Amino acid sequence: MTGTAAAVKAPKEKIKKNSQFLDVMHRLSKNKAAMAGLILILVEIFLAIFADFIIPYDWSAIDILNACSFPSLAHPMGTDELGRDILSRLIYGARFSLSLGIGATVITTLIGTVIGAIVGYYGGTFDNIIMRILDVIQSMPPILFNICIAAALGSGFTNTLIALAIGGIPGAVRLVRASVMSIRKMEYLESADSINCGKMRTIFVHVLPNAISPSIVSATMNVANLILTAASLSFIGLGVQAPTPEWGAMLSASRNYIRNYPYMVLFPGLAIAITVLALNMLGDGLRDALDPKLKD
């Protein structure tokens with residue numbers, strides 16, 4: 001009898017979880033701005049993954065005879081000071097810009113979620129020590145903190161990724177900690193304690209699933225912020241460096257030509273702006289879709 005009850009209960013729980021996911025996606029699909037942002041991001045990811053098969057020219061091919069050519073049918077976005085096709089470099093460069101934003105956000109969210117859940121659930125002296133350390137880190141402006149880490153580690157893709165990830169951990173910890181503290185005294189957690197459920201199991205099975213929604217929205221917004229930060233670091237010479245076609249590095253390399261050849265700066269800048277806008281629209285839509293107060 002017990003086995004039959006468990007067999008019946010498991011599918012019901014699975015159906016409930018699936019229905020919650022489908023409910024969120026249904027509400028998200030009603031938000032036209034969020035769907036437009038999602039489509040733009042998916043298109044950019046597709047272009048980045050299959051860039052080798054899509055780009056019309058080799059992104060690193062130098063053609064001095066066609067250097068600084070204005071946009072034309074042959075080169076829709078023109079060429080740079082070395083005759084390299086800007087469209088090809090933008091498409092291929094999406095790999096680096098998106099990888100920095102998404103990769104650093106994944107690292108930040110994972111580390112911040114684990115630390116935030118533990119300190120938020122246990123509280124006490126351990127919580128005070130961790131939060132005071134984070135207070136010291138957050139006393140510095142975020143961009144200055146990223147610059148300090150990037151300067152210490154040096155330029156390059158991996159070092160930039162590490163610098164971006166470290167800089168975002170304090171905010172992720174605080175967000176998850178606040179969510180966990182708001183639910184740690186709930187009755188269902190007291191029930192888990194009453195049946196001798198392990199602390200780590202309680203945190204990661206019962207607490208986090210109910211506290212993760214703000215982190216999902218924050219992570220989406222954080223990708224946009226980190227793409228901007230990565231571009232800023234590359235622009236000042238502390239991030240990904242030329243000839244790698246990262247969008248910030250492309251802006252930095254073309255800034256000396258802005259007066260005579262403004263298209264060299266225009267297209268990388270538009271790529272960054274459109275990506276950040278799309279991510280922000282998607283983040284706003286996710287926030288509304290995950291907010292229980294807005295359910296129909």
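These figures come from a predicted structure and were not determined experimentally.
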Exercise. Can you tell me if T79 uses its side chain to pair, donor with acceptor, with the backbone of N66 under 3.5 Å?
Worked result: yes
For this session: List the atom of L164, the atom of T108, and the distance in Å for their closest heavy-atom pair.
Result: O-OG1, 4.2 Å
Exercise. Looking only at atom types and distance, does a side-chain atom of R89 sit under 3.5 Å from a main-chain N or O of W59, one as donor and one as acceptor?
Worked result: yes
For this session: Using atom types as modelled and distance alone, determine if a side-chain donor or acceptor of Q241 lies under 3.5 Å from a backbone N or O of G239.
Result: yes
For this session: With sequence neighbours excluded, tell me which residues meet side-chain contact (heavy atoms from CB on, under 4.5 Å) with L175.
Result: P214, S215, S218
Exercise. Is there a side-chain contact between V240 and S155 (heavy atoms, below 4.5 Å)?
Worked result: no
For this session: Please assess F145 against S139 for the test side chain to side chain contact (heavy atoms under 4.5 Å, CB included), listing each intermediate value before the final yes or no.
Result: CA-CA 9 Å; F145 185 65; S139 65; over 6 Å; no
Exercise. So how far is it from M221 CE to D284 CG, rounded to the nearest 0.5 Å?
Worked result: 4.0 Å
Seminar exercise, completed: Here the pair of heavy atoms bringing V176 nearest to A117 is CG1-N, 3.6 Å
Problem set entry | For G285 against A34, the heavy-atom pair lying closest together | CA-CB, 3.6 Å
Exercise. Where does the angle between the aromatic ring planes of F70 and Y261 fall among parallel (under 30°), tilted (30 to 60°) and perpendicular (over 60°)?
Worked result: tilted
For this session: For the pair S254 (side chain) and L251 (backbone), establish whether a donor and an acceptor sit closer than 3.5 Å, ignoring hydrogens and angles.
Result: yes
Exercise. Would the number of heavy atoms belonging to other residues, nucleotides or ligands and lying under 6.0 Å from CZ of R259 be above 12?
Worked result: no
Exercise. T220 side chain to G283 main-chain N or O, any donor-acceptor pair under 3.5 Å?
Worked result: no
Exercise. Sub-3.5 Å donor-acceptor pair from the side chain of S97 to the main-chain atoms of E246, do we have one?
Worked result: no
Exercise. With S232, which residues qualify under side-chain contact (heavy atoms from CB on, under 4.5 Å), at least two apart?
Worked result: I143
Seminar exercise, completed: Rounded to the nearest 0.5 angstrom, the CG-CG distance for L228 and L279 is 9.5 Å
Problem set entry | CD1/I258: more than 12 non-hydrogen atoms of other groups inside 6.0 Å | no
For this session: State whether R177 and D127 are salt-bridged, where the test is any N-O pair (Lys NZ or Arg NE/NH1/NH2 against Asp/Glu carboxylate O) under 4.0 Å.
Result: yes
Exercise. Do H75 and Y57 have their ring centres less than 6.0 Å from each other?
Worked result: yes
Problem set entry | Pairwise distance CD1(I133) to CD1(I115) - rounded to 0.5 angstrom | 9.5 Å
Problem set entry | Polar side-chain atom of D63 near backbone of G83 as donor-acceptor pair, under 3.5 Å | no
Exercise. Is the closest basic N to carboxylate O distance between R95 and D52 below 4.0 Å?
Worked result: yes
Exercise. Which heavy atom of G93 sits nearest a heavy atom of W247, and at what distance?
Worked result: C-NE1, 3.8 Å
Exercise. Taking all non-hydrogen atoms of both residues, which atom of A165 and which atom of I107 are closest, and how far apart?
Worked result: CB-CG2, 3.8 Å
Exercise. Sub-3.5 Å donor-acceptor pair from the side chain of T275 to the main-chain atoms of A271, do we have one?
Worked result: yes
Seminar exercise, completed: In terms of heavy-atom contacts, M140 and C148 come closest through CE-SG, 3.8 Å
